[in-house]
Amino acid sequence: MSHPAVSIPLSGPRHWLPALSLLVSLLALALLPGRLPAAVPDATALLREVDRVLQPESFEMYRKLINIEPDGSRKEWVLYSVKKGTDNVLALFLSPASDKGRSTLRLGDNMWLYIPNVGKPIRITSLQSVTGGVFNNADILRLDFSVEYDAEGIEEAGGEWLLRLKAKSGAVAYDRLKMWVERQRKVPTRIEAYAASGLLIKTLYYKEVKDLGDGVPRPSVVETDSPLYKGYKSVMIWASVKPRKLDDEVFTLAFMGRVEELRR
Amino acid sequence: MLGLLAVLAVLPAEAGAQGGASEFRFDVTEFDKAPYSLDGLLELSAADVTLNPDGALYRLTALDTEQRSSVHPYGAKLQLEGGYAWPWLAFNFRVQASESRDELGSTSEAVVQEAYLATQPTATSTVELGKRVTKWGKGYAWNPVAFVDRAKDPSDPELAQEGFVMARAEVIRSFASDLRNVALSLVLLPVDGDVNEDFGVEPATNVAGKLTLLLWDTDIDLLALGGGTRPSRWGVDFSRNLGSNVEVHGEWTRTAEAQQPVLQPGGGVQQRVDSTDAWLLGLRYLTDFELTSIVEYYVNEAGYTREELENFYRFVDQAWMKYEVGGSRALLDRAASLVQGGYGRPNPGRRYGYLRLSQKDPFDWLYVTPAATAIANLDDDSRTLIAELGYTGITNLELRGRVMWLQGERFTEFAEKANASRAELRVQWHF
């Protein structure tokens, strides 16, 4: 944004006061919201703030996942999840009955699926989906964004901050993200996920900011669609997010068949 | 006040529910924890089986039944799984009852697959006592390091299995280093009379252990079994993700002084006693278009060579001809005893290949998964081919149709099985 040059006489009281008045007026105008570009925050710091707005560092929560087909029919799952530190996530399927007792564990880039009938954890990859639909394992067992992505740039876009993120390694599900963030609450409103080829894989829409039980307003609904699944939509609803301290041993392969013991 | 009441009156009913969304309902109180659990599975299945009357295993298993070219079995299976948890003790069980009928008759059975007590002396340790399934190993189709498991069926590896009666203790530790997790599991598995009679004959207690490490982002297990009813053995397995869509795994084991009955060309039986290795390498790969490939290569030195298997199948063929001509079944009975001794294992050979391709949601059909599987004896070039179509789009209902063909030259493994092909439809309802 360019501003008109102002010539300010430096001497003579008659001319000095109107000039000062003009300067003050211009400054006041410039300081009105939307008239002057706000100071651009540090992209990495903003990304960390977004992480904390989305979820506490260590917590337990309940989620419902809904896959919606083009004809409107739905399939739903309910998961109990716990997270500790930056890269330990464990989730247990509570519903439907066909998936009850399954658990998934993520330690950094490592992921496992435990199926009661199979009786042992098997390694899975971030691009697979334990539920089917648009959400993949990386979405369901999501780590903090700042753990997996470097903030490469930030700019203003439509009254929001647009963060451009690049995966730290090839093991991360999406090569690049574009993340639109509300300025005031530091809440993401939309994330576009791209493959290394530049192909748009999916778009995530964060909605309905509310207190989920720990006193911090967070988005409670994420909807996603994908050009790869035309007409399909997946939705994730958060509930009952509560800080919780857990032993490190909870996040081990040997514990995957016992996650139900954590629920209170 | 009236205005406030008016506003409250038009709020959506779910708005007060924890986690409720304007468009999607989620009442988390429906999932409050209860001390008990009970879940069930009802399975109905029907099949069209083309028998293989010239196959050695058909001749041995169908000796006393009506000779047919096909059967059409159908049946039902009910599985109940549940438990009750007290503050310091938990009881868990899984029982299965099934009935199957075909033109030759019917069979029914009820099996307690698991029933055990579990307690946690400390937050990081567990002790279990009772009938329990342990699943050791990283392979999908085969697990040479599964020392205290029942052998699984490579054509349907995810079927629920029956456990063994055992005492098991496990300790877990976690670290903030390259070595992230360590878990030590010890198993005592007794054999005595009717207790674990499938695991040996003479009364003895088997001791087995597994040390699990998550080291450098790689799952590693060190395993051993000794001192009991089976030859001592030890082994190692691993699994690691090489990227966001590739996983590799492997297993290796050595069995000391394993005995194997081997049919000699003259018809005599020799016990081969040797230390043998078995190993497996596998890979799981997911393409951009969500085709999952599982490839495994399995070598079992304790298995029979191509010549040994061919010799056995020719022996059965000659025994059958003698039975048809003279009515003597002595040779067939000897062959039948060898089936129990090793020739009748699901995969009695030495080298196998496994390939499974499954495509998730083809043509945007959500919850539809077509799959193709090939299991091949790489020494005699015989194989099983399986085409499969699964559908899980209806909540708690799983449909699976599959057709299986067994192919090979005469006197090769899959050409001598009891069946030539099998088409089946299975419906599972979870409740």
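Below, chains carry the letters A, B, ... as their sequence lines are ordered, and counting in each starts from 1.
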Of all heavy-atom pairs between [X] and [Y], which one has the smallest distance, and what is that distance?
X	Y	answer
A/A239	B/F26	CB-CE2, 3.7 Å
A/S98	B/N396	N-OD1, 2.9 Å
B/K138	A/K120	N-NZ, 4.2 Å
A/A254	B/E170	CB-OE1, 3.6 Å

If you tally heavy-atom pairs under 4.5 Å against chain A, which of [options] wins?
options	result
B/D149, B/N245, B/V246	B/N245
B/E30, B/R240, B/E158	B/R240
B/G40, B/S174, B/A118	B/S174
B/S239, B/G393, B/G243, B/A90	B/S239

What part of [X] gets within 4.5 angstrom of chain A, counting heavy atoms only: side chain, backbone, both, or neither?
X	value
B/N143	side chain
B/W136	backbone
B/Q120	side chain
B/D217	both
B/Q79	side chain
B/V182	neither
B/F431	backbone
B/T392	both

Open item on the list: With a sphere of 6.0 Å drawn around CH2 of B/W216, does it hold more than 12 non-hydrogen atoms of other residues, nucleotides or ligands?
Closed with: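 Incorrect, the count does not exceed 12.
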Under 3.5 Å donor-acceptor, [X] side chain and [Y] backbone:
X	Y	answer
A/K75	B/Y367	no
B/K135	A/V118	yes
B/N241	A/I124	yes

Task: Neighbours of chain B found in residues 255-264 of chain A - heavy atoms under 4.5 Å - done: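 Within residues 255-264 of chain A, the residues that come under 4.5 Å of chain B (heavy atoms only) are A/F255, A/R258, A/E260, A/E261, A/R263, A/R264.
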Between [X] and chain B, which part of the residue has a heavy atom less than 4.5 Å away: side chain, backbone, both or neither?
X	answer
A/V78	side chain
A/K64	both
A/F251	backbone
A/E249	both

TODO: Using side-chain contact (heavy atoms from CB on, under 4.5 Å) as the criterion, point out the one residue from B/I172, B/L214, B/D219 that pairs with A/L253.
DONE: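 For A/L253, the side-chain contact (heavy atoms from CB on, under 4.5 Å) check succeeds only for B/D219.
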- [ ] Could I get the full list of salt bridge (Lys or Arg N to Asp or Glu O under 4.0 Å) partners for B/K210, not counting sequence neighbours?
- [x]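 Once residues adjacent in sequence are excluded, B/K210 has no partner under the salt bridge (Lys or Arg N to Asp or Glu O under 4.0 Å) criterion.
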- [ ] Quick one: list whatever passes side chain to side chain donor-acceptor pair (under 3.5 Å) with B/S125, sequence neighbours left out.
- [x]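 Testing B/S125 for side chain to side chain donor-acceptor pair (under 3.5 Å), a comparison that skips the adjacent residues, returns B/T122.
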TODO: Start with the C-alpha distance between A/N117 and B/Q113, add both sets of side-chain angles, then the distance that settles side-chain contact (heavy atoms from CB on, under 4.5 Å), and finish with yes or no.
DONE: CA-CA 11 Å; A/N117 261 4; B/Q113 293 189 324; 5.9 Å; no
TODO: Output yes when A/D87 and B/R180 qualify as a salt bridge under the 4.0 Å nitrogen-oxygen rule, no when they do not.
DONE: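 Counted as a salt bridge, because a side-chain N and a carboxylate O are separated by less than 4.0 Å.
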Open item on the list: Quick check for you: to the nearest 0.5 Å, what is the distance between A/Y80 atom OH and B/F31 atom CZ?
Closed with: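 Answer rounded to 0.5 Å: 14.5 Å.
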Task: Inter-residue atom distance A/Y232.OH - B/D361.CG, 0.5 Å rounding - done: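 These two atoms lie 7.5 Å from each other.
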Open item on the list: Which one wins on heavy-atom pair count under 4.5 Å against chain B: A/D247, A/I66, A/L107?
Closed with: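 It is A/L107.
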Task: Pick from A/D248, A/V250, A/N110, A/D211 with the largest number of heavy-atom pairs that fall under 4.5 Å of chain B - done: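 The candidate making the most pairs under 4.5 Å is A/N110.
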TODO: Determine which pairs satisfy side-chain hydrogen bond (donor to acceptor under 3.5 Å, both in side chains) with at least one residue from residues 191-203 of chain A, sequence neighbours left out, and list them in order.
DONE: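 Found A/D139-A/K202, A/Y174-A/K202, A/R190-A/E192, A/E192-A/Y194.
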